[in-house]
Amino acid sequence: MSEKLLELKNVTIKFGGITALNEVNFHVNKGEICALIGPNGAGKTTVFNVVTGVYTPTSGTITFAGTKINKQKRFQITGMGIARTFQNIRLWGDMTTLENVITATDVHKKSGLMGALFGTPRARREERENRERAHEILKFIGIDAYAEVAARNLPYGHQRRLEIARALGTNPKLLCLDEPAAGFNPAEKQELNELILNIRDQGYTVLLIEHDMNVVMKISDRI
């Protein structure tokens, strides 16, 4: 029997008189690629927002790795192991590709602000390890050659890949991808399919929102 990593039970969210989600029930099994599909305006991205702590559900429960996360803050949920990308690219444009990922790895940093200010041995070690980890992620994603390029100067497809790399930098148990194929041509979509499958094969669990049903049908374990 598959282990449930994420489960939503009767999740409802209301904004004034508008019900954005109405008693949503679904789960994501550990180690799978699960696709969440539906027309524009159905509430798919709102699901991502309640799962990642952007919104608090009006009612219902969200359980992740056995813990209820309904009222957790965004940074707490990230620390627990949920990462996401966005429909509209949100990179730190003036930072390099490498710096974008290093910043994400700081989520699990133990040395704190004082350690960084005074350059303690622990802080220096963590900085070195995070830089090495960021390079490994960029190599895995396929854009390590652009490590020192400002994010805003990357080609569109590489910016999309960098968003995924940055999310992986937080060392997530669950990776939520919000329309990662948006704006891609057929060849780029095929490369993306292979990348997401490789991510799953590395032990990550993926929750995918995607309108391109060719992408959904080729890589999803469950819809």
Side-chain angles (χ1 to χ4, degrees), residues 2-65 68-72 74 77-78 80-90 156-157 159-161 163-164 166-168 172-186 188-197 199-200 204-223:
S2 299
E3 178 184 348
K4 292 179 182 179
L5 181 62
L6 175 73
E7 185 171 21
L8 280 68
K9 287 187 176 180
N10 300 318
V11 171
T12 296
I13 183 165
K14 296 182 179 181
F15 301 104
I18 298 174
T19 301
L21 298 176
N22 186 24
E23 296 189 354
V24 173
N25 292 275
F26 79 93
H27 69 275
V28 181
N29 293 320
K30 185 177 181 180
E32 75 175 354
I33 299 173
C34 179
L36 182 63
I37 64 173
N40 287 329
K44 301 182 300 299
T45 296
T46 304
V47 168
F48 271 24
N49 285 336
V50 296
V51 167
T52 56
V54 177
Y55 301 143
T56 300
T58 306
S59 60
T61 59
I62 303 172
T63 305
F64 177 70
K68 289 184 181 180
I69 62 171
N70 296 48
K71 297 181 180 180
Q72 298 285 344
R74 275 183 275 184
I77 291 174
T78 300
M80 291 173 68
I82 301 179
R84 69 173 296 183
T85 64
F86 296 87
Q87 289 182 23
N88 300 314
I89 295 172
R90 299 186 186 182
Y156 174 79
Q159 289 186 3
R160 281 283 182 192
R161 284 176 174 261
E163 272 230 317
I164 296 174
R166 189 175 61 180
L168 291 176
K173 298 174 184 175
L174 175 66
L175 177 63
C176 301
L177 301 177
D178 196 348
E179 296 191 34
F184 278 7
N185 62 40
E188 290 171 328
K189 288 178 181 178
Q190 178 57 37
E191 291 175 353
L192 177 68
N193 289 347
E194 294 172 0
L195 174 60
I196 295 174
L197 289 170
I199 289 171
R200 190 272 313 277
Y204 296 97
T205 302
V206 178
L207 176 58
L208 171 72
I209 293 174
E210 183 53 61
H211 283 291
D212 189 318
M213 289 306 296
N214 287 325
V215 172
V216 170
M217 296 304 292
K218 286 180 179 178
I219 67 174
S220 301
D221 298 304
R222 194 163 53 86
I223 299 172

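When reading the values below, keep in mind they use all heavy atoms of this one structure, side chains included, and skip hydrogens, waters and symmetry mates. We're numbering straight along the sequence, starting at 1.
- Within the model, atoms CD1 of I37 and CE of M217 stand 8.5 Å from one another, a figure rounded to the nearest 0.5 Å.
- Between R84 and the choices T78, N49, T45, the side chain to side chain donor-acceptor pair (under 3.5 Å) rule is met once, by N49.
- Atom NZ of K189 is surrounded by more than 12 heavy atoms from other residues, nucleotides or ligands within 6.0 Å.
- Rounded to the nearest 0.5 angstrom, L177 CG and L36 CG are separated by 12.5 Å.
- Expressed to the nearest 0.5 Å, how far OH of Y156 lies from CG of N185 amounts to 11.0 Å.
- Using modelled atom types, one side-chain atom of E210 and one backbone atom of D212 make a donor-acceptor pair closer than 3.5 Å.
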N/O donor-acceptor pairs under 3.5 Å from side chains in residues 10-21, not counting sequence neighbours:
from	atom 1	to	atom 2	distance (Å)
N10	OD1	N25	ND2	3.2
T12	OG1	E23	N	2.9

Checklist entry - What do the steps show when you test F26 against V47 for side-chain contact (heavy atoms from CB on, under 4.5 Å), and what is the final call? => result CA-CA 11 Å; F26 79 93; V47 168; 3.8 Å; yes
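- Contact between S220 and A35 at its shortest, heavy atoms only, is OG-CB, 3.3 Å.
- R222 CZ to L208 CG: the interatomic distance, rounded to the nearest 0.5 Å, is 12.5 Å.
- Side chain of D221 to backbone of I33: a donor-acceptor contact under 3.5 angstrom is found.
- Using a distance-only test at 3.5 Å, with no hydrogens or angles considered, no donor-acceptor pair links the side chain of D178 to the main chain of T85.
- Here the closest heavy-atom approach between residue I199 and residue Y204 is recorded as O-CD1, 3.2 Å.
- Taken to the nearest 0.5 Å, the OG1 atom of T56 stands 10.5 Å off from the CD atom of Q72.
- Considering every non-hydrogen atom in both V50 and P57, the closest pair reads CB-CG, 4.4 Å.
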Next on the checklist: H211 vs N40, test: side-chain contact (heavy atoms from CB on, under 4.5 Å). Steps then yes/no.
Outcome noted: CA-CA 9 Å; H211 283 291; N40 287 329; 3.0 Å; yes
Item to check | Criterion side-chain contact (heavy atoms from CB on, under 4.5 Å) on T52 and R74, from CA distance to verdict | outcome: CA-CA 6 Å; T52 56; R74 275 183 275 184; 5.5 Å; no
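- I62 contributes atom CD1, which lies 11.0 Å from atom CD of E7 (distance to the nearest 0.5 angstrom).
- Judged purely by distance below 3.5 Å, without hydrogens or angles, the side chains of E163 and Q159 never pair a donor atom with an acceptor atom.
- Heavy-atom minimum distance, A167 versus L175: CB-CD1, 3.5 Å.
- Among the candidates H27, K9, K68, the single residue satisfying the side chain to side chain contact (heavy atoms under 4.5 Å, CB included) test with T63 is K68.
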Checklist entry - Step by step, would you call E188 with R161 a side-chain contact (heavy atoms from CB on, under 4.5 Å)? => result CA-CA 11 Å; E188 290 171 328; R161 284 176 174 261; over 6 Å; no
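- A 4.5 Å side-chain heavy-atom check between F64 and K173 finds at least one atom pair inside the cut-off.
- Between L192 and the options L197, I219, I164, a side chain to side chain contact (heavy atoms under 4.5 Å, CB included) holds for only I164.
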